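Heads up: the structure comes next, in C-alpha cells.
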Protein chains: 2
Amino acid sequence: MKNGETAVSKATVSRMPAYLRYLKGEAGKGVEYVSSAAIAKDLGLSAVGVRKDLALVSSRPGKPRFGFEIKLLIEDIEKFLGYHRWTNAVIVGAGGLGRAILAYEGFENYGIHVIAAFDASPAKVGAVGGKPVYPMEQLPEIARRNHIRVAILTVPRSAAQEACDEIVAAGIGAIMNFAPVHLHVPEGVAVKYEDLAVSLAELCGECAGNQI
Amino acid sequence: MKNGETAVSKATVSRMPAYLRYLKGEAGKGVEYVSSAAIAKDLGLSAVGVRKDLALVSSRPGKPRFGFEIKLLIEDIEKFLGYHRWTNAVIVGAGGLGRAILAYEGFENYGIHVIAAFDASPAKVGAVGGKPVYPMEQLPEIARRNHIRVAILTVPRSAAQEACDEIVAAGIGAIMNFAPVHLHVPEGVAVKYEDLAVSLAELCGECAGNQI
DNA sequence: GCACAATCGATAAATTTTTATCGATTCTTA
DNA sequence: TAAGAATCGATAAAAATTTATCGATTGTGC
C-alpha cells in the first residue's frame, strides 16, 4: 500500500522461491500443468493461498480443469523476482566458505555474476575455479569499474565490521553477511544475515518440536 | 494457540536471532543495559514491537529508566531458541561447500556438534579440519550410533533427492538443504531450504528496489 | 524530598495475512 | 450436445500481526 507499485506482500514474495523450486522440479519430470491444490499439498500450504499468490505474479490466469501452465509460471516468477536483471557481485573473504561460494556455479541461473573475490591476506590472492582473488585494496576500483552492487561477506567475525565498512566505502549497496555479527551500516545499505549456525539451530528446533 | 504451550508467534521467533546478534555485539562493547528504543532504531523495527517480543522470552522485566539487562537477555533468548540442548549433525556431500561447513567452527556456540561428513565418492573420504569424512554407506550406522538428528545436504542438485532418501532412511528427521531442488520427504521430516542463489537474488531485489 | 524525564507493560485500534465460501469457466464423456 | 467434475477467481470472514495510546514505575538532579 506504499504508493501504487508493489502491492505484493512480503510473505508472498518469500514463498516464491519455494514455488519456483517446485515448479522446476515438476517441469523436469515432463509435467505441463499443475493445479493449486497439488502445489499446496506438496508444499504444505493451503490451496487458496497458492491461488492468491500465483494470481499476483501470473501473466495469464490458470485454466479451469487444468490448473496453471508450469512453463509460463516459471517465467513469470523469475521475472517477478528479477532474475532477468543481471547483477554483478563479489566475495569479500577468500577463506573456506568464500572459496566454496566462488567456485559455486549456481548463481548464473539467477541472474547473478560473481566476478571475483577479495582478501586482506596476500597469501590468498590468486584464483579459484577460474575466478580471480584480488587483494582487498583493489576493491574500490574494481567494484566501481564493474558496477558491483552486491558483496558476499565471508570473513571471520572479528574482521566483519571493518570489511563491511570497506564494502560500503566502495559504493556497494547490498551485503550478504555470513559472519554471525550485527553490522552497522549507513541508511540505504541493505544487509541480509545468513548465519548458518542460526539457520541450523532453527531447524533443530523445528525438528525437536519442543520436546527433549 | 495450538494447545497451551508456545503462544509465541512465528514472526517473533524469526526476529530472535537478530536480537541475539545485536545484543552480543553490544555486550562485547561493554554495554550493560539497552532500551527497546535503541534496539528498535538499530535494527529498523518499532520500539513497541521490540518490547512485545522481549516480554515473551525475558525471564525478568525490563527496568524503567534503564531498559533490559543485556547479559540476562542473551541467556534468555539462547535458552528460548534451544541453544542449550545439544544436537548432533552431519554433512552429506563433501564437495567445496560441504568441506567449508565442516571446517566452520561457529556451530558450537549454538549447541550444535557437526561430527562428520559423508560422501558417495571414495576419493573424498578422509578428513577435513580434524573431522572425518566417511563413505555414504556408513551413514545409517553412524547416524544411529551418534543420535544424529540433523543433516546438512551439500551435494549437487542431481544427487539431492537420492541423498535425501538415504538421510531419511537413516532415521534423520531434519535436513538443511543447500541444493536448489524441492525435496520430497515423508511426513514428519523437516526440510529447510538454504538456496544461496535465491538468498542473493532476494538481496539484489531489495538493493535495487524495483528500479533498473 | 519532590518534580521531571525516560522507560516499561498492558490494553486497544488498525493493518495485514490467512482461511473459507461460492458462483463462473472449461474440458471430458456419454 | 448436454450433464458432470475439477478448477479457478473474487468476495467475505477470521485470525494474526503490527502499530498506537496511556497509565505506572524508577532513577536523577535540584
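Throughout, a chain's letter reflects where its sequence line sits, starting with A, and its residues are numbered from 1. Side-chain atoms are counted along with the backbone in the values below, which use heavy atoms only and exclude waters and symmetry mates. Just so you know, these numbers come straight off a predicted model, no measurement behind them.
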Separation of C/dC8 atom C1' from B/L54 atom CG, nearest Å, is 11 Å
Can you measure A/K41 atom NZ to D/dT7 atom C1' for me and round it to whole angstrom units?
17 Å
Between B/S36 and C/dC8, is there a contact of a side-chain N or O with OP1 or OP2 at under 4.0 Å?
yes
According to a strict under-4.0 Å criterion, is A/S46 in side-chain N/O contact with OP1 or OP2 of C/dT18?
no
Considering all heavy atoms of both residues, which atom of A/M176 and which atom of B/L196 are nearest to each other, and what is their separation?
CE-O, 3.7 Å
Restricting to salt bridge (charged side-chain N to carboxylate O under 4.0 Å, His left out), what partner residues turn up for A/E69, sequence neighbours left out?
none
Using whole Å, what does the distance between atom P of nucleotide C/dC8 and atom CG of B/L73 come to?
11 Å
Whole Å only: how far is the CZ atom of B/R15 from the P atom of D/dA16?
16 Å
Are the side chains of A/L200 and B/V150 in contact, using a 4.5 Å heavy-atom criterion?
yes
How close or far is atom P of D/dT7 from atom CD1 of A/I70, stated in whole angstroms?
14 Å
Within the 4.0 Å limit for protein heavy atoms, which parts of nucleotides 9-14 of chain C are touched? Write it as a string from 5' to 3', B for base, S for sugar-phosphate only, - for none.
B-----
Rounding to a whole Å, what distance do you find between B/L56:CG and D/dT18:P?
11 Å
Heavy-atom nearest nucleotide on DNA chain C taken for A/D53 and for A/P64; more 5' hit belongs to A/D53
Under-4.0 Å side-chain N/O to phosphate OP1/OP2 contact, B/R65 with D/dA24:
no
Ignoring hydrogens and angles, state whether a donor on the side chain of B/H184 or B/Q161 is under 3.5 Å from an acceptor on the partner side chain.
no
Which heavy atom of A/H182 sits nearest to which heavy atom of B/L43, and what is that distance?
CE1-CD1, 3.5 Å
Working to the nearest 0.5 angstrom, can you tell me the gap between A/Y19 OH and A/L45 CG?
5.0 Å
